[in-house]
Amino acid sequence: MTPSISILGGTGSLGKGLAARLSRAGLNVAIGSRDSDRAIQAAAEVQSEGSVTGHSNADAAAAGDIVFLCVPYSSQAGTLKDVKDSLRDGTILVDATVPLATNIGGPPTRTLGVWQGSAAQQANSLVPKGVTVVAGLHTVSADLLGDLEHDLDEDTLLCSNDRDAIAKVSEILAVIPGLRCVDTGRLELARVTEQMTALMISINIRHKAKTGVRVTGLPSSDA
Ligand SMILES: NC(=O)c1ccc[n+]([C@@H]2O[C@H](COP(=O)([O-])OP(=O)(O)OC[C@H]3O[C@@H](n4cnc5c(N)ncnc54)[C@H](OP(=O)(O)O)[C@@H]3O)[C@@H](O)[C@H]2O)c1
């Protein structure tokens, strides 16, 4: 059975783009927001093949087997505290947040130090024990994800202490043509993958481009 999918902060650039792509592939998605009316409006904007519904973040969290967290780093901890009691045992939380310096008014090519090592590890310290955190989507441009006319041709790097959870998230994201998931290792590797966002923003500024990453040389069965 297809796991139910929720996106917290699904009214934003990344979350809405993800919802649009998943819906186009025929999957049903619950979008969460601090304001359920805003979520309902965003859902109506992106729904195509699969149904997209709008909810409060807490209700969306309660509904999801796989819950994508797509909020700014500065609101990551607050959002997780708000939905903590709604997350069920066995839920997979996919943390896409990046601790960019923009969260405190700094440049987008710099990141902030996080005591736990990365935003994803911080998320891991905030969710209930039965919830598994997967870090991912850090290098995927929200603009390109949201542009359904654009053919994606890139990888996303997933890290988690639970390889089965990575496999389940990969299975969902595999419905998006041109986006390959690469199992990158344990959650502590999010220290590296989150930093790549700042690197890619710098590349994008230098080259006036919207870039993605591609890992080469992998056996096709190991992606
Ligand atoms: N944009 C990209 O290309 C990209 C790529 C990879 C990773 N990321 C990461 O993914 C995350 C989301 O990025 P984004 O560009 O989609 O962000 P965004 O559009 O700025 O915000 C996403 C949503 O988060 C909620 N939010 C905003 N401020 C909040 C606050 N103070 N408290 C609680 N919720 C708040 C809002 O939803 P409501 O107002 O409806 O609650 C908003 O629509 C970020 O951590 C970013 O670093 C972004």
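Just so you know, ligand 1 is whichever comes first in the structure, and atom 1 is the first atom listed for that ligand. Please read all numbers here as calculations on a predicted model, not as lab measurements.
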Any atoms of ligand 1 less than 4.0 Å from a non-hydrogen atom of Y73? List them with their elements. 45 (O)
Taking CZ in R163 as the centre, count heavy atoms belonging to other residues, nucleotides or ligands within less than 6.0 Å. Is the count above 12? no
Starting from atom 32 (N) of ligand 1, what is the nearest protein heavy atom, named by residue and atom, and what distance separates them? S75 CB, 3.0 Å
L137 heavy atoms within 4.0 Å reach ligand 1 at atoms 6 (C), 7 (C)
Under 3.5 Å, side chain of R38 to main-chain N/O of T11, donor-acceptor pair present? no
Which is closest to atom 21 (O) of ligand 1 by heavy-atom distance: A39, G9, P72? P72
Which atoms of ligand 1 are found less than 4.0 Å from any heavy atom of G12? 16 (O), 19 (O), 22 (C), 43 (O)
Name the one of Q76, Q121, Q122, R191 that satisfies side chain to side chain contact (heavy atoms under 4.5 Å, CB included) with V114? Q122
Do L126 and K84 come close enough that some side-chain heavy atom pair is under 4.5 Å? no
What residue and heavy atom of the protein are closest to atom 16 (O) of ligand 1, and at what distance? L14 N, 2.8 Å
In this structure, are over 12 heavy atoms from other groups packed under 6.0 Å from E171 atom CD? no
Would you mind finding which of R34, K210, H138, Q41 brings a heavy atom closest to atom 35 (C) of ligand 1? R34
Starting from atom 19 (O) of ligand 1, what is the nearest protein heavy atom, named by residue and atom, and what distance separates them? S13 N, 3.1 Å
Can you list everything that forms a side-chain contact (heavy atoms from CB on, under 4.5 Å) with A96? Sequence neighbours excluded, please. L14, C70, L137
Around atom 11 (C) of ligand 1, find the nearest protein heavy atom and jot down its residue, atom name and distance. V71 O, 3.3 Å
Distance from atom 43 (O) of ligand 1 to nearest protein heavy atom, with residue and atom: T11 OG1, 2.7 Å
For G78 and ligand 1, answer yes if some heavy atom of the residue is under 4.0 Å from a ligand atom, otherwise no. no
the protein heavy atom lying closest to atom 3 (O) of ligand 1 turns out to be A142 N, 2.9 Å
Considering the heavy atoms of T97, write down every atom of ligand 1 situated less than 4.0 Å from one of them. 45 (O)
Proximity of V140 to ligand 1 by residue part, where a heavy atom lies under 4.0 Å: backbone
Heteroatom proximity flag, R38 to ligand 1, N/O under 3.5 Å: yes
Return yes if some donor-acceptor pair links the side-chain N/O of N57 with the main-chain N/O of S33 below 3.5 Å, else return no. yes
Contact summary for S170 and L158, nearest pair of heavy atoms: OG-CD1, 3.5 Å
Around atom 7 (C) of ligand 1, find the nearest protein heavy atom and jot down its residue, atom name and distance. A96 O, 3.5 Å
Nearest non-hydrogen partners of D147 and R21, listed with the distance: O-NH2, 2.9 Å
Closest non-hydrogen atoms of A19 and V29, given as atom of the first, atom of the second and distance, are CB-CG1, 4.2 Å
Can you report which non-hydrogen protein atom sits closest to atom 22 (C) of ligand 1, along with the distance? C70 O, 3.3 Å
Among T132, I5, V134, the one residue meeting side chain to side chain contact (heavy atoms under 4.5 Å, CB included) with V169: V134
Sub-3.5 Å N/O-N/O distance, S33 and ligand 1: yes
Do the non-hydrogen side-chain atoms of R214 and D153 ever get within less than 4.5 Å of each other? yes
Please indicate whether any nitrogen or oxygen in V98 is less than 3.5 Å from any nitrogen or oxygen in ligand 1. yes
